[in-house]
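Heavy-atom basis, side chains included; hydrogens, waters and symmetry copies ignored. Letters go in sequence order (proteins before strands), and every chain restarts at 1. Owing to the predicted nature of the structure, the values given are computational and were not obtained by experimental measurement.
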Amino acid sequence: MTSAKAPQAQGEGLRQAMSWLHTWAGLVLGWVLFAMFLTGTLAFFRPEITHWMQPETPARQAPMPAAQAADLAQRYLARHAPDAARWFVDLPTPREPELGLLYQVPKPAPGQRGFKRVKLDPATGQEVHARQTRGGDFLYRFHFELEMGFPWGRWLASIAGMFMLVAIISGIITHKKIFKDFFTFRPAKGGQRAWMDGHNVLSVLGLPFHLMITFSGLVIFMAMLLPAGISAAYDNPRAFTNDMFPTFAQTKAGPQAAPLLPLGRFVAEAQAQWQGGHAGRIVVSHPGKAGAVVSVGREASERVSYGRLAPSLQFDGVSGALLARHDADSAAMVTAGTVIGLHLGLFAEPLLRWLYFAVSLAGTAMVGTGLALWVAKRRQKAGAAAQQAFSLRLVDALNAGSIAGLCVALAVYFWANRLLPAELDGRSAWETRAFFIAWGLAFLYAFARRARMWPDLLALAAGLSLMLPVLNAATTARHLGVSLPAGDWVMAGFDLAALASGGLLAWMAHKARKPRAQPAARPARARAALEPR
Amino acid sequence: MKPDPGAGLARYRWAVASRVAAAMFGGYALASATAACLAVWLPMARVDAVVTAMLLAFVVYAIGVTWVFATRTAWRAWGGMLGPAVVLAVLFWAGRPAGLA
């Protein structure tokens with residue numbers, strides 16, 4: 001090897017190694033990543049989806065003033081949870097105008113959860129009576145817990161996230177001509193080339209977002225993933241949690257009863273301290289006891305930084321004295337809070353939220369096209385013989401089941417929400433069961449009808465999506481004919497998004513239906529998964 | 001990561017498996033050691049040092065995993081993960097706060 005040639009040879013070797021790493025790091029958990037990306041994308045509209053799934057809740061109104069809402073929450077909690085160790089109150093916001101209450105049940109019965117959650121209608125002070133559903137929360141939770149028990153789902157999601165991060169880094173190194181590639185799209189060339197170009201455009205277009213969302217996803221679970229960092233400096237992980245999230249710090253209470261001051265006054269004082277900033281969350285430790293502490297945290301959507309790291313004030317709940325003030329303004333906290341806040345996107349106002357949604361959808365499609373590329377590349381390389389290869393058939397069926405099948409399952413989830421009787425026992429569990437049954441059947445279909453799986457599953461998902469607004473009209477009085485004139489953009493937005501998704505899926509199904517025999521047909525068929533939603 | 005025509009396929013597969021293990025477990029050891037070492041050495045408030053250490057540890061992990069597949073042999077990959085991990089663990093040991101196990 002001459003010295004002039006060595007660096008180049010080294011470079012080519014590196015690119016080859018990175019290409020290998022990119023291919024396999026992307027494939028191994030690609031199906032999990034696709035599901036995480038798609039449900040996570042939808043979760044940017046978590047409260048809006050929940051609202052659509054509970055059509056009984058009134059259309060959004062301006063939120064009740066925070067101090068007044070806090071007093072309302074206190075009245076309810078004092079009556080229903082006087083012995084709770086802690087109360088958590090989420091004050092009404094424009095996106096979630098209901099009062100969200102959560103309290104710690106002192107001694108839960110075995111098998112019962114230690115926390116009880118209630119939603120109050122601020123207008124009446126009563127619990128919101130709507131059909132039982134997990135709504136957008138299901139998509140949000142599935143995105144990082146994969147409906148597995150704690151902590152397994154979170155670990156699997158985090159490992160998938162690490163694979164994603166490695167796939168992104170190795171993908172960048174593989175592409176020496178990253179900017180030139182960005183302007184290259186050759187759908188007419190077909191096969192592997194078209195897939196590669198589509199994958200590149202989707203990846204490079206949103207590269208900063210993809211890197212940010214993947215890295216920040218890991219950071220959210222850093223305490224679980226890297227306990228070594230904490231145990232290196234702390235005896236007790238709880239002490240770290242208390243330092244990190246002073247709003248939630250656990251305190252000791254005296255045994256004797258002492259009346260809690262009205263929560264509204266703490267909210268008013270906090271908002272005065274923040275000079276117009278809004279209070280978002282109240283945590284009351286040991287309500288009704290001596291030593292009660294009231295923490296008021298600032299509304300998360302007012303800053304990029306993550307809500308649990310938002311500035312907060314701690315008051316003595318009995319005397320009203322200010323105990324501590326946390327502005328969460330050290331460089332490390334601002335950095336960590338911003339990284340996590342960027343992932344959650346709670347700060348994003350409507351337009352930016354839609355941009356988040358669009359780029360995140362491009363990320364979903366990046367994973368989807370990457371999976372399809374794996375198949376297209378090998379099929380093209382090996383010609384007709386490859387059609388028979390077990391690994392190709394397996395990956396192709398898994399792709400169809402996880403990409404098109406998930407779209408079917410999501411549509412079925414929304415259908416179940418409208419079709420299951422509102423008073424059914426265990427209703428919300430049946431909704432998610434319908435989701436998983438539909439997904440499972442889609443996988444079975446993918447393995448049973450390999451030749452038809454892509455067009456059939458995509459057409460089914462398209463039909464179910466397109467019919468959602470019709471189903472909504474048939475079962476509620478808040479269909480497009482009502483919501484559009486009324487300017488009810490939550491209900492109308494969901495219906496319109498369902499129509500748009502249905503249209504996109506129908507187009508993909510149409511592309512996938514082309515006969516396979518033609519040379520140009522294979523890419524078209526495979527392109528079906530280009531934009532899964 | 002193409003099979004070396006001189007070596008057998010089984011040997012190649014073992015080398016790949018070894019690298020995967022080096023990346024996942026060696027990389028995790030390196031990330032944990034990084035987090036522990038920086039958590040005690042960074043000149044910041046304790047909670048800030050821990051958070052900064054964990055943020056940086058993820059970057060080290062990701063770059064470490066990538067490097068494992070870029071380096072020439074699986075042995076070097078293991079060495080590149082565990083060597084620095086041991087050094088960082090010793091540094092953590094030297095700098096750990098009194099009273100901690």
Residue part contacting chain A, namely of B:Ala62, when any heavy atom lies under 4.5 Å: both
Which residues share a side-chain contact (heavy atoms from CB on, under 4.5 Å) with A:Ser170, sequence neighbours left out: A:Met18, A:Leu21, A:His22
Minimum heavy-atom distance A:Ala232-B:Phe92, with the two atoms named: CB-CE1, 3.5 Å
Closest heavy-atom pair and its distance - B:Phe58, A:Met162: O-CE, 4.2 Å
Point-to-point distance, once rounded to the nearest 0.5 Å, from CZ of B:Arg19 to CH2 of A:Trp20: 8.5 Å
Intermediate values then yes/no, side chain to side chain contact (heavy atoms under 4.5 Å, CB included), A:Phe245 and B:Val47: CA-CA 10 Å; A:Phe245 306 114; B:Val47 66; over 6 Å; no
Identify each donor-acceptor pair in which a side-chain atom of residues 212-229 of chain A lies under 3.5 Å from a protein atom, sequence neighbours left out, and give them as a table.
unit_1, atom_1, unit_2, atom_2, d
A:Thr214, OG1, A:His210, O, 2.6
A:Ser216, OG, A:Met212, O, 2.6
A:Ser216, OG, A:Ile213, O, 3.3
A:Ser216, OG, A:His343, ND1, 2.9

Part of residues 32-42 of chain B lying next to chain A, heavy-atom separation under 4.5 Å: B:Ser32, B:Ala35, B:Ala36, B:Ala39, B:Val40
Contact origin within A:Ile169 toward chain B - heavy atom pairs under 4.5 Å: side chain
Among B:Ile63, B:Thr66, B:Thr52, residue most engaged with chain A (heavy-atom pairs, under 4.5 Å): B:Thr66
Greatest number of heavy atom pairs closer than 4.5 Å to chain B - which of A:Thr335, A:Ile230, A:Val339: A:Ile230
Over 12 foreign heavy atoms within 6.0 Å of CZ, A:Arg325: yes
Results of side-chain contact (heavy atoms from CB on, under 4.5 Å) for B:Trp67 - residues two or more places apart only: B:Thr71, B:Met81
